[in-house]
Amino acid sequence: MKQRPKIFAWHIHGSYLFYLSQGNYDIYIPTNKEKTEGYYGRGETFPFGPNVIEVPAELVKYQQFDCILFQTNQNYLVDQFEILSEEQRNLPKIYLEHDPPRGHPTDTRHIVQDPTITLVHVTHFNKLMWDNNEVSATVIEHGVIQPETTYTGKLDKGIVVINNLPSRGRLLGLDVFLEVRKHIPLDLVGMGTGELGLGEVLHPQLPEFISQYRFFFNPIRYTSLGLAVCEAMMMGIPVVGLATTELATVIENGHSGYIHTDINYLIAQMKLLLRDVEHARQLGEKGREIASQKFNISRFTQQWEQLFLAVINKQQSLLITEK
């Protein structure tokens, strides 16, 4: 195709959508008056460019798109049948899976069983753990923009960035956070932090805010690789976290950060970072070098551009063959 691909997607993860929108394609997102999940529109948090285009939900079926991008079971099982036309539902489709399985970690079958749909995972760990039903599955690792803010580490504290930690419990490491905070000064930011944290810091202001902390702590037991971790590494903030899921492949222990499954070990390393700001700076710099290559935004958007064009052109080729 010569024109820019037109992608229809629901607004599910704002920061991911912002980075996805850096590519050479147009993204159409539905809106409704109730602002229900996926129908928020552009919002006011992220500086989206003109290629993120709002469409009232009731008018979606009259638009022309080249590809449909699902990101939740709700999108796939319910939403598409409520707002897409039959013709649109026959367009090339991609399901972007953001998370590892929430059920059994190895035996959970993914909701997508249609071999014509391309399944995209955001980490190799996720792809490994899901039963992908022999559907074509690929991995596009995260990409984040290099912020202008640089790490200072002047605060003798660690920073944790997690939304709704009090209500998300052990999965997101609430108990780990509370235990570590008995020994280490830690601040928590994010939506729904309640009395445990400082509240939400909007994404555009987050780099400047967290750059002052000595280290970034990720207490999450079981989730995808958080974009906040990638962003912290890209800024040169040393990362300390649990050696679980994809993070175990990203941080080289003692070289670019500290990871372990022993909480006491991590506490000891955090104390070291609080004592030795130069060591923290060196770890953060190594992490930044890794992030600059691994989470390069150009690589990320190029992979998405190539995938969109591949699935669109494949469907067009099939239609020509059928004729």
Side-chain angles (χ1 to χ4, degrees), residues 11 13-27 42-52 122 140-163 186-191 193 197-218 224-241 246-247 250-252 255-258 273-274 276-305:
H11 183 169
H13 299 286
S15 52
Y16 193 98
L17 181 63
F18 173 66
Y19 292 130
L20 181 64
S21 71
Q22 303 307 304
N24 186 31
Y25 36 76
D26 295 322
I27 302 174
R42 289 165 56 96
E44 299 180 355
T45 301
F46 300 92
F48 290 116
N51 67 325
V52 178
V122 298
I140 297 181
E141 296 186 275
H142 288 321
V144 297
I145 295 173
Q146 176 76 55
E148 296 180 2
T149 305
T150 55
Y151 169 69
T152 68
K154 64 182 182 181
L155 293 180
D156 296 330
K157 292 181 176 183
I159 184 68
V160 177
V161 182
I162 300 176
N163 290 329
L186 289 176
D187 282 345
L188 168 67
V189 297
M191 294 184 294
T193 57
L198 304 177
E200 182 181 12
V201 177
L202 294 180
H203 192 265
Q205 285 78 53
L206 193 60
E208 179 68 31
F209 184 87
I210 68 174
S211 68
Q212 305 171 69
Y213 287 83
R214 187 65 49 80
F215 62 87
F216 183 103
F217 178 46
N218 185 55
S224 272
L225 184 65
L227 281 169
V229 174
C230 305
E231 292 163 344
M233 292 180 67
M234 192 70 86
M235 290 175 58
I237 304 175
V239 172
V240 180
E246 192 75 5
L247 191 60
V250 174
I251 299 293
E252 186 177 342
H255 176 73
S256 58
Y258 286 106
L273 293 174
L274 293 177
D276 191 342
V277 65
E278 183 56 32
H279 177 56
R281 188 170 288 110
Q282 291 172 357
L283 283 182
E285 181 58 27
K286 292 295 184 183
R288 190 191 65 79
E289 291 173 6
I290 291 171
S292 296
Q293 295 183 8
K294 190 173 183 65
F295 306 125
N296 183 283
I297 191 67
S298 295
R299 183 273 309 160
F300 174 75
T301 55
Q302 285 173 10
Q303 283 188 278
W304 271 109
E305 289 171 21

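Heads up: numbering here begins at 1 and tracks the sequence.
- Annotation: salt bridge (Lys or Arg N to Asp or Glu O under 4.0 Å) contacts involving residues 292-305, sequence neighbours excluded, comprise Glu141-Lys294.
- The minimum heavy-atom distance linking Val229 with Phe216 is given by the pair CG2-CE2, 3.8 Å.
- Rounding to the nearest 0.5 Å gives a distance of 5.0 Å between CE of Met235 and CD1 of Ile210.
- Taking the side chain as every heavy atom from C-beta outward, Leu155 and Asp187 never approach each other to under 4.5 Å.
- Across all their heavy atoms, Tyr151 and Arg281 have their closest contact at CE2-CA, 4.0 Å.
- Identified under the salt bridge (Lys or Arg N to Asp or Glu O under 4.0 Å) test for residues 199-211, with sequence neighbours left out: none.
- In terms of heavy-atom proximity, Gly23 sits nearest to Asn51 at O-ND2, 3.6 Å.
- Nearest heavy atoms, Phe48 versus Gly14: CZ-O, 4.0 Å.
- Between His203 and Phe46, the distance separating the two ring centers is shorter than 6.0 angstrom.
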Practice item. Quick one: do Val250 and Met233 satisfy side-chain contact (heavy atoms from CB on, under 4.5 Å)? Show the steps, please. Key: CA-CA 10 Å; Val250 174; Met233 292 180 67; 3.6 Å; yes

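- Residues passing the side chain to side chain donor-acceptor pair (under 3.5 Å) test with Asp156, sequence neighbours excluded: Arg214.
- A distance of 4.0 Å separates CZ in Phe18 from CD1 in Ile145, rounded to the nearest 0.5 Å.
- Nearest heavy atoms, Arg288 versus Gln146: NH1-OE1, 4.3 Å.
- Interatomic distance, CG of Asn218 versus CD1 of Ile251, reported as 9.5 Å (0.5 Å rounding).
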**Study point:** Leu202 vs Phe209, side-chain contact (heavy atoms from CB on, under 4.5 Å): CA-CA, chis, key distance, verdict
**Key:** CA-CA 10 Å; Leu202 294 180; Phe209 184 87; over 6 Å; no

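- Side-chain contact between Pro204 and Thr45: present, with at least one pair of heavy atoms (C-beta onward) separated by less than 4.5 Å.
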Exercise for review: Applying side-chain contact (heavy atoms from CB on, under 4.5 Å), run through Trp304 and Ile140 and close with a yes or a no.
Suggested key: CA-CA 8 Å; Trp304 271 109; Ile140 297 181; 3.6 Å; yes

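- Heavy-atom contacts from other residues, nucleotides or ligands closer than 6.0 Å to CD of Glu278 number more than 12.
- For the atom pair His142 NE2 and Glu246 CD, the distance stands at 9.0 Å (nearest 0.5 Å).
- Nearest heavy-atom pair across Cys230 and Ala291 is O-CB, 4.4 Å.
- Between Phe217 and Ile162 there is no side-chain heavy-atom pair separated by less than 4.5 Å.
- Checked by atom type and distance alone, the side chain of Thr193 never pairs as donor or acceptor with a backbone atom of Val189 at under 3.5 Å.
- The CG atom of Leu273 sits 6.0 Å away from atom CG of Leu283, with the distance rounded to the nearest 0.5 Å.
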Point to revise | Check against side-chain contact (heavy atoms from CB on, under 4.5 Å), Phe215 and Leu274 | key: CA-CA 8 Å; Phe215 62 87; Leu274 293 177; 3.9 Å; yes

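- Less than 6.0 angstrom separates the ring centroid of Tyr16 from the ring centroid of Phe300.
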